[in-house]
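Below, each value reflects all heavy atoms present in this structure, side chains not excepted, and no hydrogens, waters or symmetry copies. This one's a predicted model, so the numbers in the text were calculated from it and none came from an experiment.
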Amino acid sequence: MYATLLALHSLVRWFLLTSLLLSVFIGYRGWLTNRSFTKFDGIARSVTETFANIQLVIGVWLYFISPIVAYFFSNFKEAVHQREIRFFGMEHVTMMLAAMIVIILGSVKSSRKQTPKAKFKTMAIWFSIALFLIFTSIPWQFSPLVSRPYFRPF
């Protein structure tokens, strides 16, 4: 089950990143060009939040069954000094939880705004912050912290 969840987590990240990039683009374009907020814009925001929630559930589930995290907690004094173990035991989960909270709050705040410009501005700012947090916390293949493959097989 662990390998399947890991592959699913890896796959859903691409859906989340794609929808988040699209939503950030939509947010800035709408904010800077004074467009009206269309049904498509709302759907893009909602889809991004949905993928964030799916990724959050899979990620939390993985966190509780991960052998890396189990090792981190059972050998905390040594593990906290090992970059890869600390990254998955503490750093990745903290930053990603923060990013998911930012996406959810940004989506809710944006949907409650009255004017299109305020909706776009809120979406652009909050989703940009989340995108930064996610980009800095994904274990990219080129990352100096820890690397993982771009796609994991099922």
Rounded to the nearest 0.5 Å, how far apart are OG1 of T4 and CD1 of I58?
-> 11.5 Å

Are the side chains of P67 and Y2 in touch, meaning some heavy atoms are under 4.5 Å apart?
-> yes

4.5 Å side-chain heavy-atom contact, L56 and M96 = no

Got a salt bridge between R35 and D41, using NZ or NE/NH1/NH2 to carboxylate O under 4.0 Å?
-> yes

So with a 6.0 Å cut-off around CZ of F132, is the heavy-atom count from everything else above 12?
-> no

Aromatic ring pairing H9/H92, orientation class (parallel under 30°, perpendicular over 60°, tilted between) = perpendicular

Spatial distance of atom CD1 (I101) from atom CD1 (I129) [nearest 0.5 Å] = 13.5 Å

Can F135 be reached from L22 by stepping across I, L, V, M, F, W or Y side chains whose heavy atoms are under 4.5 Å apart?
-> yes

Nearest 0.5 Å please: distance from the NZ atom of K117 over to the CZ atom of F37.
-> 15.0 Å

Evaluate the ring planes of W14 and Y150, with Trp represented by its six-membered ring, and classify them as parallel (under 30°), tilted (30 to 60°) or perpendicular (over 60°).
-> perpendicular

Of the non-hydrogen atoms in A52 and M100, which two are nearest, and what is the gap between them?
-> O-SD, 3.3 Å

Flag yes if V24 and V108 sit in one hydrophobic cluster, no otherwise; membership is Ile, Leu, Val, Met, Phe, Trp, Tyr, and two members link when side-chain heavy atoms are under 4.5 Å apart.
-> no

Find the distance between CD (Q55) and OG (S10) and round it off to the nearest 0.5 Å.
-> 8.5 Å

Is it true that atom CD of Q141 has more than 12 heavy atoms of other residues, nucleotides or ligands lying nearer than 6.0 Å?
-> yes

Donor-acceptor contact below 3.5 Å, side chain T33 vs main chain R29 | yes

Take S110 and F120 through the side-chain contact (heavy atoms from CB on, under 4.5 Å) test and state the conclusion after the steps.
-> CA-CA 7 Å; S110 175; F120 284 124; over 6 Å; no

Okay, side chain of K121, backbone of W31: is any donor-acceptor separation there less than 3.5 Å?
-> no

In short, G27 meets A124 closest at the heavy-atom pair C-CB, 3.6 Å

From CD1 (I68) to CZ (F87), nearest 0.5 Å = 10.5 Å

Between E84 and R148, is there a salt bridge with N-O shorter than 4.0 Å?
-> yes

How long is the span from the CG atom in L105 to the CZ atom in F127, to the nearest 0.5 Å?
-> 10.5 Å

Heavy-atom closest contact (I85 atom, A79 atom, distance) = CG2-CB, 3.5 Å

Cluster question for you: counting only ILVMFWY and a side-chain heavy-atom cut-off of under 4.5 Å, with indirect links fine, are I65 and V69 together?
-> yes

Can W126 be reached from L21 by stepping across I, L, V, M, F, W or Y side chains whose heavy atoms are under 4.5 Å apart?
-> yes

Shortest non-hydrogen pair, I134 vs A99, comes out as CG1-CB, 3.6 Å

Work out which heavy atom in V47 is nearest to a heavy atom in S19; give both atom names and the distance.
-> CG1-CB, 4.3 Å

Taking it one step at a time, do L8 and R152 satisfy side-chain contact (heavy atoms from CB on, under 4.5 Å)?
-> CA-CA 8 Å; L8 195 58; R152 288 189 177 269; over 6 Å; no

If two hydrophobic side chains count as joined below 4.5 Å and joins carry through other members, does M95 share a cluster with I104?
-> no

Side chain proximity check, T18 to F51, heavy atoms < 4.5 angstrom | no

Criterion side-chain contact (heavy atoms from CB on, under 4.5 Å) against L131, the qualifying member of I103, T136, L16, L17 = L17

How about F15: does its CZ atom have over 12 heavy atoms from other parts shown lying under 6.0 Å from it?
-> no

Evaluate the ring planes of F76 and F72, with Trp represented by its six-membered ring, and classify them as parallel (under 30°), tilted (30 to 60°) or perpendicular (over 60°).
-> perpendicular

Heavy-atom distance under 4.5 Å between the side chains of F40 and I26, does that happen here?
-> yes

How about S66 and F88: do any of their side-chain heavy atoms sit closer than 4.5 Å?
-> no

